[in-house]
Amino acid sequence: MPLYQDEKLRLYNSIAGEKQVFKPIHEGQIGMYVCGPTVYSNVHLGNCRTFISFDMIYRYLTHLGYKVRYVRNITDAGHLTDDADEGEDKISKKARLEKLEPMEVVQQYTLDFHNVMQRFNTIPPSIEPTATGHIVEQIEIIKTIIEKGYAYQINGSVYFDVLKFNKDHQYGKLSGRNIEDMITSTRELESQSEKQSPQDFALWKKASPAHIMRWPSPWGDGFPGWHLECTVMSSKYLGETFDIHGGGMDLKFPHHECEIAQGEAAHGHSPVNYWLHANMLTLEGKKMSKSTGNSILPQELFSGDNDFMEKAFSPSIVRFFMMQAQYRSVLDFSNDAILAAEKGLTRLRDAIALLDQLQVSSKSSVDIKAWSDKAYAAMNDDFNTPILIAELFEGAKIIHSINEEKETISQKDLDYFETTIKAFLYDVLGIKNSDAVEDVKGTQHIDAAMKLIIDLRATARARKDFDTSDKIRDELQAAGIQLKDSSEGTTYTTI
RNA sequence: GGCGUCAUGGCCGAGUGGCUAGGCAAAGGUCUGCAAAACCUUGUACAGCGGUUCGAAUCCGCUUGACGCCUCCA
């Protein structure tokens, strides 16, 4: 029997503004769409937080026994640098500046994104569609929206008519805005806009002669608007209404608002049942952002080559650090905070490593079921990973108590305990049980330590204390470090 | 200016109308030839001012501050 039948999952639905009991459209199956990156530059750590948060959510849903179709797009066209009429496609701009084919830009940063996601131990989505791969579908849905009367074309571009839409539907319900306020508070644009109303947004943009990314359409050569791809790809792979839509908090408006409008305009009903928004990662108290330069790249963190941190941190530590905050809370990234996370994770890992050598008894004095109930309760409460981690530390305390024979555990309980605690740390939180740090300084430390051990062994051999020298060699071997004796001396390698 | 979120002990970070969050750090202890490590024990904190209440850090109001969105951003 799948776990989800016992576990009542509640999640915070942004559009309702409250936690709701989760009920999928089809029993046991979930469709989840997450807005992916625009691949015009390297993903920074803030971007990663969102994807790691939804990876954890995907993992937990899967852990509960749901069959999840997880779609996360790659935006490789259509994302404008700004909303003005002269707004340029981000990919196109980067290609122009670096004298590359747009698809070279896309390829470079898609590879970077995949590489970083792999380092963070995220599970690839079931489908990872691209905007350029769905131009035909985007053109089709634009036609539909025009037919329904919610879009107009002008000078080879097509705009969504927000005011018209708002007469029959409610624009702004996700982000809590009403159209009147928006009209009165909209900043005046210097340039004369071809849009009927400043709130209108582009479904299709005419390509100027110099624009290198262009596709033919009924309205002339051009490229699709940013919001459209998500509407098209989510409905194509998950249906016109699906269970969960995720993304960063900063996409709530206008991006997700526009998605709702497009979906309702084209299909007549709301596209999403549960909207989930992951909060921002800040650096020195300010939102990480490519445009302001206040950001740190994952590679810089893993290598220690950055101005913010005193040492290198492995992907697992960074991920564990992120999991210590709830996904809906703003999290500030700092040297002290991640250092604390590193020590905590080590303690947790050390405790779990003790599981294999625990003595079993005929009866348990510890209540493992009560412990796991609390762990599940934490996750069922809108994926409260900080509480889950607190329970994992309680688990560590239990392990130590048994190890010191202050408490007892039966074989049956131990098996369940081990399975559960590992499932939560490895499978749900996605923390690997060990990982190598590509830390130059760290390697130097190990080298220094190994040199000392090797010297001690050499001394022992010199005085024919082979008990000691063999012990060193054999135990290192067992620990995965192989000594190599040669006429030049002794070296070591990891196995 | 509009909309929204948040202010928790040295740091990070949960949660709750009355009962221990957790991690890091710190102090004491166990262990140890000495250290280190490890493990155990210890924290009554919740921006300020009012109000509701038998009781609020938790609810309401105001003040102050921070952040996010309103323009591209995960």
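Numbers restart at 1 for each chain; the letters A, B, ... are given by sequence-line order, proteins then strands.
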A:E98, CD atom: more than 12 neighbouring heavy atoms under 6.0 Å: yes
Give a yes or no on this: more than 12 heavy atoms of other residues, nucleotides or ligands lie within 6.0 Å of atom NZ of A:K290. yes
A:Y12 ring center within less than 6.0 Å of A:H277 ring center: no
Give a yes/no answer on whether the side chain of A:S329 brings an N or O atom under 4.0 Å of OP1 or OP2 in B:A14. yes
Please determine if A:K397 forms a cation-pi arrangement with A:F393, meaning its NZ or CZ atom is less than 6.0 Å from the six-membered ring centre and no more than 45° off the ring axis. no
Distance only, no hydrogens: is a donor on one side chain within 3.5 Å (strictly under) of an acceptor on the other, for A:Y426 and A:N121? no
Between A:N294 and A:S289, does any side-chain donor sit less than 3.5 Å from a side-chain acceptor? no
Selection: residues 45-60 of chain A, any non-hydrogen atom under 4.0 Å of RNA chain B: A:G46, A:N47, A:T50
Near-ring test A:Y237/A:F242, centroid separation under 6.0 angstrom: no
Can you check the distance between B:C60 and B:U20, where both ends of the measurement are the P atom (answer in whole Å)? 25 Å
side-chain N/O A:K343 vs B:A25 OP1/OP2, d < 4.0 Å: yes
Does B:C39 have OP1 or OP2 under 4.0 Å away from a side-chain N or O of A:R347? yes
Checking B:C11, B:C70, B:A74 against the side chain of A:F253 (C-beta onward), the nearest is B:C70
Using purine N1 to pyrimidine N3 plus N6-O4 or O6-N4 for Watson-Crick, or N1-O2 and O6-N3 for G-U wobble, each under 3.5 Å, what pairs with B:G55? none
Phosphate-side-chain proximity, A:K252 and B:C70, N/O vs OP1/OP2 below 4.0 Å: no
For RNA chain B, whose closest nucleotide is more 5', that of A:R328 or that of A:G248? A:R328
Below 4.0 Å: OP1/OP2 of B:C67 and any side-chain N or O of A:K286: yes
Tell me the interatomic distance from A:L174, atom CG, to B:G4, atom P, rounded to whole angstroms. 14 Å
May I ask you to say what A:L348 touches in the nucleic acid, namely base, sugar-phosphate or nothing, with a heavy-atom cut-off under 4.0 Å? nothing
Going by atom types alone, do A:D89 and A:Y40 pair a side-chain donor with an acceptor below 3.5 Å? no
Is there a Watson-Crick or G-U wobble partner for B:C67 with both distances under 3.5 Å, and which nucleotide is it? B:G4
RNA chain B contacts among residues 375-399 of chain A, heavy-atom distance under 4.0 Å: A:N384, A:P386, A:I387, A:A390, A:F393, A:E394, A:K397
Across all chains, not counting sequence neighbours, the side chain to side chain contact (heavy atoms under 4.5 Å, CB included) partners of A:D161 are A:Y152, A:L163, A:K164, A:Q196, A:D200
